[in-house]
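The structure appears below as structure tokens.
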Amino acid sequence: MKIIIKNGRIIDPLSGTDEHADVLIVDDRIEKIKAGIPDKDAHEILDATDCLVLPGLIDMHVHFREPGREDIETIIGGSIVAAKSGFTSVCTMPNTTPVIDNQALVRFIKLEAEKGPINVFPIATITKGSRGEEISEMGELVQGGAVGFSDDGRPIMRSILMRRALEYVRMFDLPIITHSEDLDLSDNGVMNEGATSTFLGLKGIPREAEEVMIARDVILTRLTRGKLHVAHVSSGGSLDIIRRAKDEGINVSCETAPHYFSLTDESIAEQLSLAKMYPPLRTEHDRRAIIEGLRNGIIDVIATDHAPHLENEKKQEIEYSPFGIIGLETAVPLVITILVKENNFSFREAFAKLTCNPSRILNLERGELKTGSVADITVINPDKTVTIDDTFLISKCKNTPFIGRKLYGSVEFTICNGKVVYRSEQGQH
Ligand SMILES: [Zn+2]
Ligand SMILES: [Zn+2]
């Protein structure tokens, strides 16, 4: 099988390549990247005029709800949404029912994902049952195919356990991925603690609930020489802690989600529970700090924390509504619109956070666009607009505060392991 992607702008964030050329794919590999590849004996030609041709995007933080809540989202269903959104690889968080804390369950996810269009890399729990009491059988989980460990959805409150976990992962060069929340401080709050929560009369979650846990975990990472990845950073103060840790040479990386560089806690007034997530949306000062953190490299990764919820559950009063929003389908449009168009990021800077950087942290050996590499490729038209509405969103759950927004950045083709797994209607010539 031969596919040619013609006339696109090739951007490979890792090597710094930025040039107009064609890409020849033979079976599941990139055979050649060169201008003017002849059309002869290609089975298919994809027109990428005016488009970026990028390494297949990687989302290292999604929730697909299977096993247990297949009524909300399944591994295959979530994979189809991811392919449509430009992602060729996702990492699934283990807080399903049951949680992914043994090898059979890790294998189940991988087997189920083989029926879908993209690569799915399971993250397994740090502790058995995610109960925060006993470390899971990490060696077996790695053998089954786990690429990292997290009790996401809840923090590891006991410091001694976090110390042990960071010691164990040294054997595998895999990260402990933390949901940084001090439950005593967050204390059932529903939004960021500050002027807006006071004005709205809603219970706040102080930024310190996030920051004290990050501070503890980088200190324990220094002690153990383990590997730490901080999920969903939302506060400028957290970035100060992570910057100091990186300066000291501590093995820490971190991610933020598109909503933290796009929205502030003022969205709660209009969107109510649709803008409820953990950590909560913060202030404009934090939003600016997150954008600067992405620019200066303190933030390594953009991950969506894609968290589907059924409408009747999510649209309850804010106190009862579950935390989280869907993120896959809005990720590329928000990166292009907010980072590239509004804040002058180069495509290379912006998309490093969705390609080579997550690949490096999790040793995925993906996220590169070069001769000989796996043909995972995403083609995006950055100047074409999309409107986030019920027609655009194919996800079964539509819990997003971006509903109604018109944004730049349209995914035209997604190619995974040499197969075209998504093409936009316009791409269907
Ligand atoms: Zn979390
Ligand atoms: Zn999460």
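Sequence positions, counted from 1, serve as the residue numbers for this chain. Every heavy atom of this structure was used, including side-chain atoms; hydrogens, water molecules and symmetry mates were not. Note that this is a predicted model, so its numbers are computed, not measured.
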Using modelled atom types only, decide if a donor and an acceptor are shared between the side chain of [X] and the backbone of [Y] within a distance under 3.5 Å.
{"X": "Asn399", "Y": "Leu274", "result": "no"}
{"X": "Gln103", "Y": "Gln143", "result": "no"}
{"X": "Asp59", "Y": "Ala303", "result": "no"}
{"X": "Glu70", "Y": "Gly68", "result": "yes"}
{"X": "Asp27", "Y": "Met1", "result": "yes"}

| task | Please state whether the rings of Phe172 and Phe149 are parallel, tilted or perpendicular, taking 30° and 60° as the class boundaries. | result |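 If you compare the ring of Phe172 with that of Phe149, the planes turn out tilted.
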| message | Using 30° and 60° as the class boundaries, would you call the ring planes of His232 and His61 parallel, tilted or perpendicular? | response |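 Judged by the thresholds at 30° and 60°, the geometry between His232 and His61 is tilted.
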Could you report the tightest heavy-atom contact between [X] and [Y], atom names first, then the distance?
{"X": "Asp101", "Y": "Thr127", "value": "CB-O, 4.4 Å"}
{"X": "Leu183", "Y": "Pro155", "value": "CG-CG, 3.7 Å"}
{"X": "Tyr408", "Y": "Pro382", "value": "CB-O, 3.5 Å"}

Tell me whether [X] is salt-bridged to [Y], with the criterion being a basic N under 4.0 Å from an acidic carboxylate O.
{"X": "Glu181", "Y": "Arg154", "answer": "no"}
{"X": "Arg207", "Y": "Glu210", "answer": "no"}
{"X": "Lys370", "Y": "Asp12", "answer": "no"}
{"X": "Lys6", "Y": "Asp47", "answer": "no"}
{"X": "Lys341", "Y": "Asp383", "answer": "yes"}

| field | Side chains of Asp305 and His63, donor plus acceptor under 3.5 Å | value |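 Yes.
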| query | Mind checking what makes side chain to side chain contact (heavy atoms under 4.5 Å, CB included) contact with Lys353, not counting sequence neighbours? | reply |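 Here the qualifying residues are Leu294, Ile302, Asn357.
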| Residues which pass side chain to side chain contact (heavy atoms under 4.5 Å, CB included) with Gln316, listed by chain and number, not counting sequence neighbours |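 Side chain to side chain contact (heavy atoms under 4.5 Å, CB included) check on Gln316 returns Glu313, Tyr320, Pro322.
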| field | Glu349 atom CD, over 12 foreign heavy atoms within 6.0 Å | value |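 It does: Glu349 CD has more than 12 such atoms within range.
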| said: List the residues meeting ring-ring contact (aromatic ring centres under 6.0 Å, His included) with His229, not counting sequence neighbours, and say none if there are none. | reply: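 With sequence neighbours excluded, His229 shows a ring-ring contact (aromatic ring centres under 6.0 Å, His included) to no residue whatsoever.
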| task | Among Lys84, Arg423, Lys384, find the one that has a salt bridge (charged side-chain N to carboxylate O under 4.0 Å, His left out) with Glu412. | result |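 Among Lys84, Arg423, Lys384, the one that satisfies the salt bridge (charged side-chain N to carboxylate O under 4.0 Å, His left out) with Glu412 is Lys384.
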| query | Does the side chain of Ile325 reach to within under 4.5 Å of the side chain of Pro401, using non-hydrogen atoms? | reply |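 Yes. Closest side-chain heavy atoms under 4.5 Å.
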| said: Within the structure provided, determine whether Ile318 and Ile268 are in side-chain contact (heavy-atom separation under 4.5 Å). | reply: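 When only atoms from C-beta onward are counted, Ile268 and Ile318 do touch, with a gap below 4.5 Å.
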| field | Evaluation steps, side-chain hydrogen bond (donor to acceptor under 3.5 Å, both in side chains), between Arg287 and Thr264 | value | CA-CA 7 Å; Arg287 192 182 77 88; Thr264 67; over 6 Å; no
